[in-house]
Amino acid sequence: MTDITPLSADALATLVEDFEASDHNRMAMNAVTAAGINKVARNYDRARLMQRRFSTIVDNGTATHQDRSGRCWLFSSLNVARFVAKKNMGLKEFEFSQNYAMYYDKLERVNYFLQDVAELVKAGEPSDSRLIQHLLADVMGDGGQWTMAMNVYKKYGAVPKDLFPETESSKNTGEMNVQLRRLLHTAVAHMYADPASIDSVIAEATAAGHRILTIHLGEPPKSFDWEWTDKDGEFHRDGEITPVEFWQKYVGSADLESYVCLVDDPRQEHAKGKKIGIEHLGNVAGGDPTEYLNVPNQFMKDCVRQILEEQGIPVWFGADCHPMMDRENGAWATDLFEYGKVYGVDFDLNKEDRVRFADSAMNHAMAFVGVDVAEDGTTTRRWRVENSWGDKIADKGYFTMSDDWFTEYVYEVAVPKALLPAEYQAALDEPATMLPAWDPMGALAM
């Protein structure tokens with residue numbers, strides 16, 4: 001560290017002198033210390049001109065709320081599924097149990113993590129390697145991907161929310177995750193201490209993980225009696241049904257499990273039209289691998305527009321939700337805030353540089369439920385987004401996204417395979433280029 005130039009007293013004095021010599025700096029300091037950066041930097045003209053009108057809208061009812069948890073990928077995928085279920089059952093409002101989905105996701109992740117690390121231990125992977133340390137640091141968060149959600153629904157189905165409601169721990173997962181993480185860290189330590197006992201370590205930790213989850217989240221139903229009254233007042237009764245049967249009967253017609261995940265990886269070394277995957281990323285052992293087809297951002301837009309206009313169904317997507325977001329008013333636009341003008345800084349990274357230098361990655365999943373298309377019939381102008389942050393913000397929980405923000409910050413969408421041209425469908429049959437576990441394309445939506 002001796003080669004690093006220290007910040008000298010003289011250099012600091014120059015910084016202070018230069019700051020105080022600028023009237024703009026003094027004005028910015030006065031404003032930001034009193035009101036906060038977002039109120040000062042908010043682009044008034046851009047904000048007031050953000051329209052909430054769309055040429056196509058898919059009505060999906062009351063916005064859901066993930067509370068203090070990172071389950072957006074489950075909420076958003078179930079928001080797509082509930083649209084299908086409501087249509088099939090003739091319901092105006094309906095919600096799946098996100099607690100049920102999280103229960104089995106986490107139970108499966110306990111097994112996936114233990115089995116994955118066990119193979120690394122047996123192969124001689126050092127405990128202090130970058131890979132092991134990354135897996136230990138990343139274990140038992142709430143985040144996930146579309147494919148991981150489908151793995152859960154295919155194996156365990158889904159249940160109505162009122163039959164497996166939220167608990168204190170499903171709404172606020174922090175303490176439960178701490179205990180699960182501690183359990184798995186302990187198990188890995190025991191694997192390294194005595195490799196011959198790995199099988200018993202896995203069995204004991206899996207049983208303990210099941211106990212912890214059930215204590216925190218409740219015991220999920222194996223079957224249930226399903227009856228409902230539709231929006232026209234007609235009563236229906238299915239009788240006893242399992243969660244898998246329920247999913248297949250009321251969501252199966254949409255064939256969501258066969259959807260393809262498209263990503264926009266802007267790095268030049270990753271060719272468009274090719275598959276990429278992330279090593280060690282998954283939840284259900286034996287389920288579908290977490291892989292994506294890398295495509296141009298414009299192709300993603302075209303697919304989403306076509307689904308909304310022609311099929312009338314919400315579209316799951318993942319984005320970096322934080323940049324240029326007005327949370328309270330529910331808006332995203334690339335020029336919604338003028339931070340650079342406040343600070344006197346030129347934030348000039350493009351999408352590729354933001355990914356490459358850890359400035360941006362997917363961190364939140366939502367659903368597109370509307371689009372505004374220009375008179376030419378193809379040019380998209382703005383997007384309507386169903387979020388999972390409740391109905392007390394934005395337009396009763398629904399956000400508006402400018403088209404240029406889609407270009408810069410949307411990374412992933414899930415679409416039917418039939419929308420892909422022949423060359424893209426052929427690419428799905430090729431092996432994926434596998435990227436390391438810490439690659440930014442493996443970021444999880446929370």
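Numbers here simply count residues along the sequence, with the first being 1.
To the nearest 0.5 Å, the span separating CH2 on Trp73 from CG on Leu444 amounts to 8.5 Å. Rounding to the nearest 0.5 angstrom, the gap separating the CG atom in Asp67 from the CG atom in Asn172 is 8.5 Å. The distance from atom NZ of Lys392 to atom CD of Glu328, rounded to the nearest 0.5 Å, is 12.5 Å. To the nearest 0.5 Å, the span separating CG on Asp194 from OG on Ser200 amounts to 7.5 Å. The distance from atom CG of Asp138 to atom CZ of Arg181, rounded to the nearest 0.5 Å, is 9.0 Å. Distance CD/Glu386 to CZ/Arg82: 5.0 Å, rounded to 0.5 Å.
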Inset, instruction - Carefully, step by step, assess Trp146 and Thr290 under the rule side chain to side chain contact (heavy atoms under 4.5 Å, CB included). - result: CA-CA 8 Å; Trp146 171 268; Thr290 306; over 6 Å; no

Legend entry - Criterion side chain to side chain contact (heavy atoms under 4.5 Å, CB included) on His210 and Leu107, from CA distance to verdict: CA-CA 6 Å; His210 176 266; Leu107 180 61; 4.0 Å; yes

Legend entry - Derivation and outcome, side chain to side chain contact (heavy atoms under 4.5 Å, CB included), residues His190 and Ser197: CA-CA 8 Å; His190 291 169; Ser197 69; 5.5 Å; no

Inset, instruction - Under the salt bridge (Lys or Arg N to Asp or Glu O under 4.0 Å) rule, what do Asp288 and Lys154 come out as? Steps first, then yes or no, please. - result: CA-CA 10 Å; Asp288 292 332; Lys154 281 192 286 187; 2.4 Å; yes

Inset, instruction - Given side chain to side chain contact (heavy atoms under 4.5 Å, CB included), test Val152 with Glu108 step by step and report yes or no. - result: CA-CA 8 Å; Val152 172; Glu108 286 286 345; 5.8 Å; no

Inset, instruction - Could you check Lys275 against Glu291 for salt bridge (Lys or Arg N to Asp or Glu O under 4.0 Å), going step by step and ending with a plain yes or no? - result: CA-CA 7 Å; Lys275 275 201 316 185; Glu291 296 178 341; 3.1 Å; yes

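The shortest non-hydrogen separation linking Ala118 to Ile202 is CB-CD1, 3.8 Å. Considering all non-hydrogen atoms of both residues, Phe337 and Met325 come closest at CE1-O, 3.5 Å. Taking every heavy atom of both residues into account, Asp404 and Ala333 meet most closely at OD1-CA, 4.5 Å. For the pair Ile278 and Pro436, the tightest heavy-atom approach, listed with the atom from each and the gap, is CG2-O, 3.7 Å. What you find for Ser76 and Ala365 is that their closest heavy atoms are OG-CB, 3.4 Å. Between Ser253 and Val84, the shortest heavy-atom distance links the atoms OG-CG1, 3.9 Å.
Taking a cutoff of 4.0 Å between a charged side-chain nitrogen and a carboxylate oxygen, Lys272 and Asp265 do not qualify as a salt bridge. A salt bridge links Arg384 to Asp395: at least one charged side-chain nitrogen sits closer than 4.0 Å to a carboxylate oxygen.
Ser169 places a side-chain heavy atom less than 4.5 Å from the side chain of Leu217. Considering only heavy atoms from C-beta on, Cys303 stays 4.5 Å or farther from Val413 through its side chain. Using a 4.5 Å cut-off on side-chain heavy atoms (C-beta onward), Met140 and His185 make no contact. In this structure, Cys321 and Trp389 have side chains that are in contact, with non-hydrogen atoms separated by less than 4.5 Å. With a 4.5 Å cut-off on side-chain heavy atoms, Glu219 and Tyr103 do not count as touching. Counting only heavy atoms from C-beta outward, the side chains of His236 and Asp230 approach each other to under 4.5 Å. Using a 4.5 Å heavy-atom cutoff, the side chains of Ser97 and Leu163 are not in contact. By the 4.5 Å heavy-atom criterion applied to side chains, Arg267 and Asp439 are counted as neighbours.
Aromatic ring centres of Tyr409 and Trp332 lie farther apart than the 6.0 Å criterion allows. In summary, the aromatic rings of Phe299 and Tyr424 are positioned with their centroids under 6.0 Å apart. If you look at Phe224 and Phe164, their ring centroids are not closer than 6.0 Å. Checked against the 6.0 Å centroid criterion, the rings of Tyr250 and Trp228 qualify as a close aromatic pair.
Asn88 and Lys249 are not linked by any side-chain donor-acceptor pair at a separation below 3.5 angstrom, with hydrogens and angles left out of the test. Between Trp247 and Glu257, the side chains place a donor N or O and an acceptor N or O closer than 3.5 Å (distance only, hydrogens not considered). Using modelled atom types and a 3.5 Å distance limit, the side chains of Gln98 and Ser170 yield no donor-acceptor pair. In summary, the side chains of Gln306 and Asp302 do not present any donor paired with an acceptor at a separation below 3.5 Å, with no hydrogens or angles considered. Looking only at atom types and distance, the side chain of Tyr339 has a donor-acceptor partner in the side chain of Asn38 under 3.5 Å away. A donor and an acceptor atom, one from each side chain of Gln179 and Glu175, are located under 3.5 Å apart.
Judged by distance alone, with hydrogens and angles left aside, the side-chain atoms of Asn283 form a donor-acceptor pair with the main-chain N or O of Met148 at under 3.5 Å. Although no hydrogens or angles enter the test, the distance criterion places no donor-acceptor pair under 3.5 Å between the side chain of Thr242 and the main chain of Lys222. Remark: side-chain polar atoms of Glu95 are not paired, donor with acceptor, to backbone N or O of Leu78 under 3.5 angstrom. With hydrogens and angles disregarded, a donor-acceptor distance shorter than 3.5 Å links the side chain of Ser77 to the backbone of Leu74. Using a distance-only test at 3.5 Å, with no hydrogens or angles considered, a donor-acceptor pair links the side chain of Asn43 to the main chain of Asp335. The closest donor-acceptor contact from the side chain of Lys106 to the backbone of Gly141 lies under 3.5 Å. Between the side chain of Gln145 and the backbone N or O of Gly282, no donor-acceptor pair lies under 3.5 Å. In this structure, the side chain of Asn294 engages the main chain of His270 through a donor-acceptor pair within 3.5 Å.
Within a 6.0 Å radius of NZ in Lys87, other residues, nucleotides and ligands contribute 12 heavy atoms or fewer. In this structure, Asp255 places its CG atom where more than 12 heavy-atom neighbours from other residues, nucleotides or ligands lie under 6.0 Å away. Heavy atoms from other residues, nucleotides or ligands lying under 6.0 Å from NZ of Lys122 number more than 12. When the shell of 6.0 Å around NZ of Lys274 is examined, it contains 12 or fewer heavy atoms from other residues, nucleotides or ligands. Residue Glu375 places its CD atom among 12 or fewer non-hydrogen atoms of other residues, nucleotides or ligands, all under 6.0 Å distant.
Checked against Asp264 for a side chain to side chain contact (heavy atoms under 4.5 Å, CB included), the options Glu412, Lys351, Glu408 give a single hit: Lys351. The salt bridge (Lys or Arg N to Asp or Glu O under 4.0 Å) with Asp403 is formed by just one residue from the set Lys301, Arg381, Arg382; it is Lys301. A ring-ring contact (aromatic ring centres under 6.0 Å, His included) with Trp383 holds for exactly one of Tyr398, Phe317, Phe406, Phe54; it is Phe406.
The aromatic rings of Phe94 and Phe96 sit perpendicular to each other, their planes meeting at more than 60°, with 30° as the lower class boundary.
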